[in-house]
Amino acid sequence: MNRRVLLVVVLNVLAILGLAVAFPEPMLAPGPLQPGHAALAADCLACHAPFAGPDRAACEACHTVNDIGVRLVSGAPAPKRPDPDAALTEARFHQALGDAPCAACHTEHGAAAVPRFEHALLDVDQRDDCAACHVAPDTALHSRVQSFDGGCRTCHNTADWENARFDHAQLSPADQRDCVACHAAPTDALHQGLGAASADCAGCHEIQGWRPASFEHGRYFQITGAHRASCETCHPGATAGTVNLERYTCYGCHEHSAAGVRAEHVEEGIRDFADCVRCHRSGEEHEGREGGGDGEGRGRDDD
Amino acid sequence: MTRPAHAAHIVGREIAPHLLAFVGLIALTLLFDGALHVLGLRWIGRWLGIPGVLLIVASFLYSARKRKLIAWGRPGALLRAHEAMSWAGSALILVHAGVHFNAALPWLAVVAMLANVGSGLTGKYLLADARARLEHTRAALLASGLSPEALDEQLSWDTAAVDIVKQWRTVHFPITAAFVVLSLAHIFAVLLFGGQP
C-alpha cells in the first residue's frame with residue numbers, strides 16, 4: 001500500500017471515529033428516538049447489546065413487565081387507552097409474552113419505528129381467548145351468526161381481521177334470505193332496472209358467492225337470432241340506468257311497427273296484445289299461437 | 001477528420017458509453033427500488049447489500065492480480081470482470097441504500113461508492129483513449145516506413161498515454177480506500193448495534 005493510500009485510510013478512520021463520537025445519533029442512528037427515550041440518544045449501548053441487537057434486559061431496567069398497563073415508568077397510573085383503540089379491552093397481556101424480545105413489537109428510530117404485534121408471541125391460552133383483548137364487534141352480521149363452534153377463529157385469523165372467511169351456513173335460514181340486512185343493495189343499472197325483482201337476490205345469486213350469478217333473460221324473453229341486439233334496443237334508457245327493465249318495447253325495429261302489429265293481431269281476433277312477451281317468449285314468428293294463455297289467436301298469422 | 005467531426009466522434013463513441021453506464025446505474029436503481037416499494041418487497045433491498053459487497057470484493061481480484069498478490073488469471077479478462085462486477089455490485093448496494101435518508105455514515109459510504117464508480121468509468125475512458133492513441137501512432141509510423149525494431153523503440157518513448165493512466169490511478173486508489181473504510185465502518189456499526197445485517 002503506497003503512502004498516499006495509507007494516508008487516506010488513516011484520515012478516513014480518524015474522521016469517522018471523531019464524527020461517531022461527537023455526533024453518534026446523526027452518524028449512526030437510522031432516525032430519532034421517541035420523546036420518552038430522547039435522553040438516550042447519544043448512548044447507543046444503553047439499549048443495544050454489542051453484536052446482539054436491542055437488549056430486553058436494558059428495556060426491563062426501566063420498564064417492569066408486571067407494571068406494563070398498570071403504571072408508567074414514573075410510577076404514575078397508566079392512562080386508559082385512547083378512543084381509536086376502543087376495539088381493544090384493557091387486558092394486560094405483556095405478562096403472557098414469555099421471553100419474547102421487546103423489539104419484536106416495539107421498534108425505535110423514526111421511520112423504522114413501525115409497531116408490529118404478533119399474536120404468535122402470546123401463549124396458547126391467551127391467544128385463543130380473543131375476547132380477553134378484543135371487544136366483540138357490535139354489527140348486524142355478528143349478532144346474527146348462530147354457530148361459533150370454533151370461536152372467532154371460525155371466520156377470522158390472527159394475521160388480518162378483514163381477511164375473514166364467512167360461511168353463510170352459520171346464519172339461520174331466515175337470515176340467509178334476508179340479504180339486505182348485511183349487504184347493501186347494488187346500485188348498478190342492471191339491478192336498478194330489475195325493479196321489484198331485484199329484491200329476490202336468490203333468483204340469480206347463491207350464498208356461496210356473489211359470482212357467478214345466473215340471471216336468465218330467457219325466463220322473460222329468449223334472446224336469439226335477430227334479437228341479439230343491445231339492451232337499449234328493447235329497454236330504452238337501460239344503459240343510463242334510468243329505466244325499469246321490466247318495461248320494454250318491441251317497436252324499436254322495422255319488423256315491428258305499431259300499425260303492422262295491430263293489423264296482424266286484429267286479423268287473428270287478438271285484441272289484448274300490449275304485453276308482447278306474454279305470448280311471444282322468443283323470436284320465433286309462430287310462437288304466439290302456443291304462448292297465449294287466454295284462448296285467443298290460435299290461428300296462423302302467416303297468411 | 002475535421003475538428004468538429006473529431007469532437008463529435010469522441011463524445012459519441014468514447015464519452016457517451018461511459019456516461020450512459022453511470023446514468024444507467026442510477027436509473028436502474030430507481031426502477032428496482034421503486035418496484036420493491038410498489039410490490040411491498042422492501043425487505044429484499046435490506047439484504048441486497050450483502051451480494052453487492054461480495055461482488056465488489058470479487059472485483060478486487062483484478063487489483064490483486066495487478067499487484068501480483070495472485071498469479072492466476074489474464075489481466076485483460078480480470079479487468080473486464082472488475083468493471084462488470086463493480087458496476088453490478090454498486091447497483092445492488094444503491095438499491096440496498098434506497099432513496100431513504102437515515103444515518104449519515106452509510107450515506108457517506110454511498111457517496112464514496114458513487115465517486116468510485118465515476119472515477120472507474122473515467123479511468124476506463126482514459127485507458128480506451130490511450131490505447132486508441134497508441135494504435136494511431138503505430139499505424140502512422142508503419143506508414144512512414146519505419147522498421148519494426150525502430151517502431152518499438154519509438155513507441156516505448158511515447159509514454160504520454162501510459163502516464164495519464166498512471167496519474168488517474170493516484171486519484172482512483174484513494175477514492176477506493178475511502179469507500180472501503182466507510183463501507184467497513186457501516187458494516188461494523190450494523191453488526192455492533194443491530195446484531196444482524
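In what follows, chains are A, B, ... by sequence order, proteins preceding strands, each numbered from 1.
- Across Pro54(A) and Gly194(B), no two heavy atoms sit closer than the pair CD-O, 4.5 Å.
- Heavy atoms from other residues, nucleotides or ligands lying under 6.0 Å from CZ of Phe23(A) number 12 at most.
- Heavy-atom distances place the side chain of Leu108(B), and not its backbone, under 4.5 Å from chain A.
- Residue contact with chain B, scored on non-hydrogen atoms closer than 4.5 Å, involves the backbone and the side chain of Leu28(A) alike.
- Residue contact with chain B, scored on non-hydrogen atoms closer than 4.5 Å, involves the backbone of Pro26(A) exclusively.
- The environment of Arg67(B) atom CZ is dense: over 12 non-hydrogen atoms of other residues, nucleotides or ligands sit within 6.0 angstrom.
- Dense packing is recorded around CD of Gln176(A), with more than 12 heavy atoms of other residues, nucleotides or ligands lying under 6.0 Å away.
- Taking CD1 of Ile16(A) as the start and CG of Leu105(B) as the end, the distance is 6.0 Å to the nearest 0.5 Å.
- Neither the backbone nor the side chain of Thr176(B) comes within less than 4.5 Å of any heavy atom of chain A.
- Scanning both residues, Phe193(B) and Cys44(A), for their nearest heavy atoms gives CE2-CB, 3.4 Å.
- Chain B forms more heavy-atom pairs under 4.5 Å with one residue of Ala29(A), Ala103(A), Cys47(A), Ala15(A) than with any other, namely Ala29(A).
- Heavy atoms closer than 4.5 Å to chain A are found in both the backbone and the side chain of Ala178(B).
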